[in-house]
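Heads up, the thing below is written out as structure tokens.
Predicted, not measured: the structure shown is a model, and the values here were computed from it. Throughout, protein chains are lettered first and strands after them, A, B, ... in sequence-line order, and every chain is numbered starting at 1. Computed over heavy atoms, backbone and side chain alike; hydrogens, waters and symmetry mates excluded.
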2 protein chains.
Amino acid sequence: MKEGPDIAQIGALIGDPARANMLTVLMGGRALTATELAGAAGITLSTASSHLAKLEAGGLVSQRKQGRHRYFALADDEVGLMLEGLMGFAAHRGFLRARPGPKDPALRKARVCYNHLAGDFGVRMLDRLVADGHVSVDGDDAALTAEGEAKMAGIGIDVTGLRSQRRPVCRTCLDWSERRSHLAGSLGEALLSRFIETGWARRSEDSRAIHFTPKGERQFLDLFPLPERR
Amino acid sequence: MKEGPDIAQIGALIGDPARANMLTVLMGGRALTATELAGAAGITLSTASSHLAKLEAGGLVSQRKQGRHRYFALADDEVGLMLEGLMGFAAHRGFLRARPGPKDPALRKARVCYNHLAGDFGVRMLDRLVADGHVSVDGDDAALTAEGEAKMAGIGIDVTGLRSQRRPVCRTCLDWSERRSHLAGSLGEALLSRFIETGWARRSEDSRAIHFTPKGERQFLDLFPLPERR
DNA sequence: TTCATACTTCGATCGTAACCGAAGCATTGT
DNA sequence: ACAATGCTTCGGTTACGATCGAAGTATGAA
């Protein structure tokens with residue numbers, strides 16, 4: 001009867017509260033076990049297992065066996081981008097959960113979006129990269145310039161290594177709190193990893209927040225100075 | 001328990017096949033009556049009415065009374081952008097409906113995305129505007145330059161009129177068939193309207209396809225020449 | 001081998017929401 | 001005034017899927 005893609009299946013997958021909770025938690029970027037996800041969603045293990053099987057069949061999550069654990073994660077960047085887009089829409093329409101708790105300001109400042117940096121810091125980083133001619137943006141695509149490649153080398157990121165993967169190096173991702181774009185793709189992931197490796201920042205245990213140390217924040221802002229207010 | 005926006009409610013709204021069908025049809029940009037939407041979704045009028053009430057309560061559609069008809073349409077541009085984003089994801093993952101029928105090539109060439117031009121023609125139009133310095137793109141935001149404003153005046157579009165509205169003039173929208181951006185916003189809407197007013201193109205009766213006349217296509221390509229293949 | 005942990009599968013229950021037909025309003029046309 | 005059209009509301013049925021506990025499977029530890 002209909003033309004075009006079928007959005008009902010995806011909507012139905014996301015539409016169950018238990019599954020939506022799991023996906024939201026997985027947006028934190030960590031791979032989690034079925035037991036952890038069950039706890040996060042407030043359901044028993046057997047129910048969680050059933051939900052995870054559906055999410056996997058739908059291609060939204062993937063599992064990796066490791067010993068007697070099974071770690072679940074979002075299937076790929078695309079899923080993360082799609083979910084962040086939905087969250088942006090939901091946030092803008094007032095579909096908010098319970099209360100914007102005390103963690104909220106921290107989330108808006110810096111948080112992980114599946115595997116890369118989002119929030120105010122993420123948006124400003126991309127702003128700066130674009131303003132300095134290190135990244136060029138075209139629609140939702142983005143590309144690293146030669147100057148940008150040099151800058152990344154200075155930070156300690158091997159761009160040629162990233163290029164050899166099949167994933168796109170640069171992508172933009174719409175930020176639900178800022179409603180502007182930040183940097184995703186393998187470069188976005190590498191940058192966040194680097195910040196954590198060097199001890200500038202650490203992931204929160206129980207939320208998507210990224211906490212910068214005072215020193216780390218200074219060095220981050222040194223690398224990516226704030227643009228003048230527009 | 002949870003932080004951040006609640007995507008489950010929106011997912012559930014979209015997750016019902018009947019509602020998803022209605023939304024897909026409304027992506028055609030026309031305002032339709034409850035009876036028409038019931039037919040499109042293959043359900044009775046009473047069921048359709050119930051679904052439409054839910055979609056309206058969720059802010060996805062709005063209704064306008066006109067005589068004894070009630071016309072339903074997507075609530076605003078944001079909804080259209082969100083749905084197009086979901087469709088892009090769905091198409092890329094193979095969540096396709098039945099068969100990509102004969103209408104499919106026409107849809108990929110040019111179709112309406114809620115109220116603006118999408119498909120190959122839409123993507124190329126934005127490409128050309130950017131290449132000529134008529135539109136500048138920054139993430140998902142976009143802006144019309146002074147040169148661009150002159151060009152629009154030449155086409156017969158009153159940009160100052162558009163600016164006086166509260167809607168953004170320019171936005172980018174991710175195209176599900178091309179996986180690149182095209183132009184949305186009030187300017188995107190005005191351009192499509194203009195193409196139809198001038199008789200260069202017409203909307204298909206029963207799908208989202210936009211059909212250009214031979215003459216219209218020539219004039220369109222004259223205004224927005226194809227960029228050299230990259 | 002035996003036990004413990006991590007997870008899946010099975011079977012059964014339960015609640016919700018999708019659905020339809022009939023009846024009720026509202027608006028327009030005659 | 002009366003009929004016709006367009007849609008909503010109501011009542012009742014039905015079906016699906018979310019949920020849980022218990023039993024089954026796999027992996028690792030003792």
All salt bridge (Lys or Arg N to Asp or Glu O under 4.0 Å) counterparts of A/Arg203, not counting sequence neighbours: none
Net bend of the helix from C/dT1-D/dA30 to C/dT30-D/dA1, end axes of five pairs each, nearest 10 degrees: 20°
Length of the CE-C1' vector between A/Met22 and C/dC7, whole Å: 13 Å
Set of residues satisfying side-chain hydrogen bond (donor to acceptor under 3.5 Å, both in side chains) with respect to B/Thr33, sequence neighbours excluded: B/Glu36
Sugar-phosphate, base or nothing in reach of A/Thr47, heavy atoms under 4.0 Å: base
Side-chain heavy atoms of B/Ile10 within contact of B/Met82, under 4.5 Å: yes
Check the interface with nucleotides 23-27 of chain C: list each N/O to N/O pair with the protein under 3.5 Å, or write none.
none

Sugar-phosphate, base or nothing in reach of B/Ala18, heavy atoms under 4.0 Å: sugar-phosphate
Residues in ring pair (Phe, Tyr, Trp, His ring centres under 6.0 Å) contact with A/Phe195, at least two apart in sequence or another chain: A/Trp200, A/Phe220
Side-chain ion pair, B/Lys109 and B/Glu217, N-O less than 4.0 Å: yes
For B/Ala73, all residues meeting side-chain contact (heavy atoms from CB on, under 4.5 Å), sequence neighbours excluded: B/Ala31
From C/dC19, C/dT9, C/dC20, nucleotide with atom closest to B/Thr44 side chain: C/dC20
Sugar-phosphate, base or nothing in reach of B/Thr33, heavy atoms under 4.0 Å: sugar-phosphate
Which residues share a ring pair (Phe, Tyr, Trp, His ring centres under 6.0 Å) with B/His116, sequence neighbours left out: B/His182
Which residues share a salt bridge (Lys or Arg N to Asp or Glu O under 4.0 Å) with B/Arg167, sequence neighbours left out: B/Asp77, B/Glu189
Test salt bridge (Lys or Arg N to Asp or Glu O under 4.0 Å) applied to A/Arg163 - qualifying residues, sequence neighbours left out: A/Glu149
Nucleotide C/dA17, atom P - distance to CG of A/Asp16 in whole Å: 11 Å
Any residue of residues 54-63 of chain B with a heavy atom less than 4.0 Å from an atom of DNA chain C: B/Lys54
Side-chain ion pair, B/Glu84 and B/Arg171, N-O less than 4.0 Å: no
B/Thr198: partners by side-chain hydrogen bond (donor to acceptor under 3.5 Å, both in side chains), with sequence neighbours left out: none
First and last nucleotide of DNA chain D, 5' to 3', lying under 4.0 Å from heavy atoms of chain A: D/dA18 to D/dA29
